[in-house]
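Letters go in sequence order (proteins before strands), and every chain restarts at 1.
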There are 2 protein chains.
Amino acid sequence: MEALPRETIVDVLEERLREDILAGRHPAGSYLPPERRLADGYGVTRTTLKHAFGRLVQAGLLETRHGVGTKVLDYARQGGADLLPMLVRHDPKWLHEIFEVRRSIGALIAERAAARATRSQHAELGRLLEAVREAGDADAVQLADIEVHRALARATGNRVYALLTNTLFKAYLPVRAALRGPFTDAETAHRRLVPLVDAVVSGDGRRAHAAADTYLRDTERIMLEGLA
Amino acid sequence: MEALPRETIVDVLEERLREDILAGRHPAGSYLPPERRLADGYGVTRTTLKHAFGRLVQAGLLETRHGVGTKVLDYARQGGADLLPMLVRHDPKWLHEIFEVRRSIGALIAERAAARATRSQHAELGRLLEAVREAGDADAVQLADIEVHRALARATGNRVYALLTNTLFKAYLPVRAALRGPFTDAETAHRRLVPLVDAVVSGDGRRAHAAADTYLRDTERIMLEGLA
DNA sequence: GTGGCTCAGTGGCTGAGCCACTCAACCAAG
DNA sequence: CTTGGTTGAGTGGCTCAGCCACTGAGCCAC
């Protein structure tokens, strides 16, 4: 088992604030009510509210200025990719756009990985691929699959790809359970990955690019079917 | 003028903690000292420390568990792209890797934008391109240039590209001043952008892809020269 | 062994309070 | 009039002391 999530007040408050902002109840460019009043409204302490603010500030949703107030930013303009988990939870339509980007970048990563992966990275890919086949349930298969893609990103030799991959995964992690379609059968999931890993290990960039595209299109289609 | 940054205690503390973590003084997997002791050590209140913690938790550098402690995570494994600004500040070597990714994704964006941009987006690109020429100093040129790229990302019709673009810009924003090389002359900067915008407006995906690649290689080279 | 209890240690959260900053209104000097 | 300084209300930044809630290890009764 893995120990997981506690829902703290700050979590709930952050969620609530985010919803209020994304839903337009606090339009971009406007100022939030003063902290004392807002905290009062939500029934929490100012300190707690500020903790929630801190997260939203970092995410690019808010901007506080000492002595002035807290301004709602336009996330499309100021926000970074780390907003995606929030945005997906707020409106699943984002998933389509995330998948499209994932497909393009995934192909890019496969191509780079084919060109640059080291021997030991080839071996690691093999091990992780095998782990997909041996995973117990859909959940485990999905996680094993993610590990393969992480390893591919590492194999590019560019750590930024690894971080981007993390970001995109985090984006649909909140709705992960609804996207298990491609992973219900370990054997099938494994088979679907083989051409991609093969192409990368063979060092053929073009083939790796194509294989990644195929793989991502297939899994994407199945995932989106599962949603409908 | 633009009103900007205040360096608050939390900012400094966050920076300090981050350095201590990235430098390995708190290795991944280990636990930080208890908040009370750590706050004492840094000479701040526990509340303030927790604000700094909050940011690092969100960035994927720390994980707190009620009743247990605060664990240092492996950012390469858990961290998202929003860590990049921190990482660049800690070690400028990251810039090379960021630039490589920016080049690949930039080309991707240009290609998509060529295929999908609307008439009004074409017009907007024209306006923003003109703004580059008319910008006053290197700083303004750089900002105008960024706006062109933001508009390109929007023109893909996929909002995730816009967020990714923001993320990558934020990554080198902390060292922006050192990367002004390509923007010292507005006329030159403008001329360099023209083929890219032209290709996108013409709707020729292949040409847009190539033009973006050329543009990004050129500016990248000049920026990195400026660093050395 | 097994299960329940206790307790020390940890992070979560509070509420009251002071400090620092910003802005607009006012006012006096020119 | 214009200019420049002062003031005060309102805001976020930060502290402090303290209680609550959770975890895990050790103990104990069964």
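- Rounded to an integer number of Å, the gap from B:Leu49 CG to C:dC13 C1' is 15 Å.
- Contact of B:Thr47 with D:dC16 (side chain to base): a donor-acceptor pair of N or O atoms is detected under 3.5 Å.
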Quiz item: If the sugar-phosphate is the primed atoms plus P, OP1 and OP2 and the base is the rest, what is the B/S/- string for nucleotides 7-12 of chain C, using protein heavy atoms under 4.0 Å?
Solution: --BBBB

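- For A:Arg55 (side chain) and B:Arg55 (main-chain N/O), no donor-acceptor pair under 3.5 Å exists by modelled atom type.
- Checking the phosphate oxygens (OP1, OP2) of C:dC13, no side-chain nitrogen or oxygen of A:Thr45 falls inside 4.0 Å.
- No side-chain N or O of A:Tyr161 forms a donor-acceptor pair with one of A:Asn166 less than 3.5 Å apart.
- Side-chain contact annotation: A:Tyr172 with A:Arg102, donor-acceptor N/O pair under 3.5 Å present.
- The main-chain N or O of B:Glu97 is found under 3.5 Å from a side-chain atom of A:Asn158 such that the two form a donor-acceptor pair.
- A donor-acceptor pair under 3.5 Å links the side-chain atoms of A:Gln121 to the main chain of A:Thr118, judged by distance alone.
- In terms of modelled atom types and a separation under 3.5 Å, the side chain of A:Thr165 and the main chain of A:Ala153 share no donor-acceptor contact.
- At whole-Å resolution of the value, OH in A:Tyr31 and P in D:dT11 are 12 Å apart.
- A 4.5 Å side-chain heavy-atom check between B:Thr45 and B:Lys50 finds every atom pair outside the cut-off.
- Taking the six-membered ring for Trp and the full ring otherwise, B:His51 and A:Phe53 have centroids separated by 6.0 Å or more.
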Quiz item: For DNA chain D, what string of dots and brackets results from 5' to 3' when Watson-Crick and G-U pairs need both distances under 3.5 Å, crossing pairs get [ ], and pairs with another strand get |?
Solution: ||||||||||||||||||||||||||||||

